[in-house]
*Asks:* 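Next up is a structure, given as structure tokens.
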Protein chains: 2
Amino acid sequence: MDVQRLELLRELAERGSVTAVARATHRTPSAVSQQLKVLEREAGLPLTERSGRGLVLTDAGRALAASATDIAVALERATAVWDTFRNRATGDVSLVTFPTAGQMLLPGALQDLADHDGLAVHCTDMDPELSDFPALTSEYDIVLAHSMRGQHTWGGRGLTSVPLMTEPLDVGLPTGHRLAGRVSLGASDVVGETWIGVPLGYPFGRILHDIELQTGSRALVTQRFADMRLIESFIMAGLGIALVPRYTSSGDQPGRMVLKPLRGLDAERQIVALMRPDRAERLAVRTVVEALRARAAQVQAEHAAAAG
Amino acid sequence: MDVQRLELLRELAERGSVTAVARATHRTPSAVSQQLKVLEREAGLPLTERSGRGLVLTDAGRALAASATDIAVALERATAVWDTFRNRATGDVSLVTFPTAGQMLLPGALQDLADHDGLAVHCTDMDPELSDFPALTSEYDIVLAHSMRGQHTWGGRGLTSVPLMTEPLDVGLPTGHRLAGRVSLGASDVVGETWIGVPLGYPFGRILHDIELQTGSRALVTQRFADMRLIESFIMAGLGIALVPRYTSSGDQPGRMVLKPLRGLDAERQIVALMRPDRAERLAVRTVVEALRARAAQVQAEHAAAAG
DNA sequence: ACATCCATGAAGCCAGACTACATAGTCCTT
DNA sequence: AAGGACTATGTAGTCTGGCTTCATGGATGT
């Protein structure tokens, strides 16, 4: 019973093809195939089945792959133990973020981590509409993802998710707008407005949908953009109003744009760090996540202070 | 980070010397030493220290050995998963018991397990006074041990213990005894009697001590024997009375001996299966333990039926 | 001081995991 | 229908890495 082989099976369960596993583990497909064959012989029962060109796991294979995860977690926990003894989080950590969260959290977090010698954080950004967050955990140690409250699309998949912050979604208005003097807005206040929306399928979409449900009328969406800067420019030009994340937007722009909180709606998004459970155990990874969390708390505190 | 090496470290933590680890793992001391050296180099900090002729673990070494246990547990759980898929508990299971428990549980349990092809149970007995139960878990998969209630001497050592049964301790009297007609006995009834005791340090000893504490007088112990048959023969000869375990003694012997329950005292012993946590995960081991537990329940039920 | 226990070094052996290459099956395209 | 592109997987050979054997040095106790 070899751990390396089980690890291969787990990779196969995640990636779905021998070739992909080989690429990911810097081996030839032949080597992977041979090891899986050995594993199967040891197990005494088929772990994979051919399906078209590729392979799929049998029930037994999936079960075994699942326990391979437990082993990987225990293993990483062990290396974390000794990393702790050296008081050293070292190694490479790869991270992928969507742009707004990265802009808000990464510069500060990386500054805070600068004194950790030997800890190298490699960051990338990826458009949230194009990214299947859970799938990215195969390639990156940490995936910054956002989800609307109540949506736990990845809890079930056996991934570890650490909440970093909850960010309220406000309504952005041009300064001259008839609602610009209000303290907060309700669904009925805004449903009749001209909206700048996000592309269909984006998470914020649900909020506007909730507004429609609550009021019984349809909202008029004239434009749909993914880039928040673009949306803001439309708001400031007086071409409509939009939902903007409170912290990652430009915020109140004196003389040009104001943000007003929504009441009576579940208008906030969770920003979470998403990880494969074994990787989440690595001390280096935990250190980075902790830095992100601290930074997020600081951002929230600064905004709270500014508001209060 | 290699599992085999960590396993070696764990063995070292348990057995205390490279030579012992080598013997236990069928290797030469040199091989063990080399692997530990590699582990230490990987860890980047000393895991062992010389102490006289032998080695002792450093704090870091102990911590690492502890997480090695977690890995071993996960590993055995994985093999259990696939054993389950084959519906087959196979392999060798070694067991050591103290005589009375073995006589009561083993014949029946082994009969129940006879239909499991490929499951071989190797049993040994060992005198409870000579045996350090926790230490035996290094050599045997299952250690049948007894403890008085409230004594959890091995819970803390990171061992898995599965309770099999609680056996009441009765007072054995010769049939002609003045108390032989009673339904049950209290401490004050028996403290003045002539006692046949167990050797000093035996677990039952505490009961007699409790009797002395409760009554404030000392009990007269004329003989001390380890073997229950011997004790019973003294009882039947009218040479004294003694504490006897209800199920593993010969029980009521019409015309010769009667058993009377004690009230007002914590007069029972726990019989438990004691295992190293990784071994406890093996399907074969779990199967045997389950058979023992079932057998124990049956013994208790039979006695309850006979009494009622 | 010697015998005996311990851990550990050096040299060589051998299993087992890898690469490179070749083969066979499946899917899609033309 | 046939080729090309993709899968997985066999075969042969290489080489890493853990093992054994033998030898050394320190610690203990008689």
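Source: prediction; values computed, not measured.
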*Asks:* Rounded to whole Å, how long is the line connecting atom CD of E49(A) with atom C1' of dA8(D)?
*Replies:*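 It is 15 Å, rounded to the nearest whole Å.
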*Asks:* For DNA chain C, please output the secondary structure as dot-bracket, reading 5' to 3'. Pairs are Watson-Crick or G-U wobble, both atom distances under 3.5 Å; mark crossing pairs with [ ], other-strand partners with |, unpaired with a dot.
*Replies:* ||||||||||||||||||||||||||||||
*Asks:* Scan for salt bridge (charged side-chain N to carboxylate O under 4.0 Å, His left out) pairs involving residues 76-86 of chain B, sequence neighbours excluded, and state none if there are none.
*Replies:* R77(B)-E281(B), D83(B)-R86(B)
*Asks:* Output every pair passing salt bridge (charged side-chain N to carboxylate O under 4.0 Å, His left out) with a member in residues 25-35 of chain A, not counting sequence neighbours, ordered by first then second residue.
*Replies:* none
*Asks:* Nearest-Å distance, CG (L12(A)) to P (dT7(D))?
*Replies:* 13 Å
*Asks:* List in chain and number order the residues that pass salt bridge (Lys or Arg N to Asp or Glu O under 4.0 Å) with D59(A), two or more places apart in sequence or in another chain; answer none if no residue qualifies.
*Replies:*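 So D59(A) forms a salt bridge (Lys or Arg N to Asp or Glu O under 4.0 Å) with R62(A).
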*Asks:* Between P on dA7(C) and CG on L9(B), what's the gap in Å once rounded to a whole number?
*Replies:* 14 Å
*Asks:* Run the side chain to side chain donor-acceptor pair (under 3.5 Å) test against D125(B) and tell me which residues pass, sequence neighbours left out.
*Replies:* none
*Asks:* Can you check whether K37(A) has a side-chain N or O nearer than 4.0 Å to OP1 or OP2 of dA8(D)?
*Replies:* no
*Asks:* In whole angstrom, what separates R23(A)'s CZ from dC6(D)'s P?
*Replies:* 11 Å
*Asks:* Whether the E49(A) and T58(A) side chains hold a donor-acceptor pair (N or O, under 3.5 Å, no angle test) is what I'd like checked.
*Replies:*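 The criterion, which ignores hydrogens and geometry beyond distance, is not satisfied for T58(A) and E49(A).
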*Asks:* State whether the number of non-hydrogen atoms from other residues, nucleotides or ligands found under 6.0 Å of Q4(A) atom CD is greater than 12.
*Replies:*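 No, because the 6.0 Å sphere around CD of Q4(A) holds 12 heavy atoms or fewer from other groups.
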*Asks:* Could you state the CG-P distance from L57(A) to dA8(D), rounded to the nearest angstrom?
*Replies:* 12 Å
*Asks:* Base, backbone or nothing for each nucleotide of nucleotides 18-30 of chain D, written B, S, -, heavy atoms under 4.0 angstrom, 5' to 3'?
*Replies:* SBBB-----SB--
*Asks:* Tell me: CG of L39(B) to C1' of dG17(D), nearest whole Å?
*Replies:*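 Interatomic distance, CG of L39(B) to C1' of dG17(D): 15 Å.
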*Asks:* Quick one, K37(B) with E40(B), criterion salt bridge (Lys or Arg N to Asp or Glu O under 4.0 Å). Give me CA distance, side-chain angles, the key distance, then yes/no.
*Replies:* CA-CA 5 Å; K37(B) 175 122 297 194; E40(B) 198 158 291; 5.4 Å; no
*Asks:* Would you give the length of the straight line joining atom CZ of R269(A) to atom OG of S147(A), rounded to the nearest 0.5 angstrom?
*Replies:* 10.0 Å
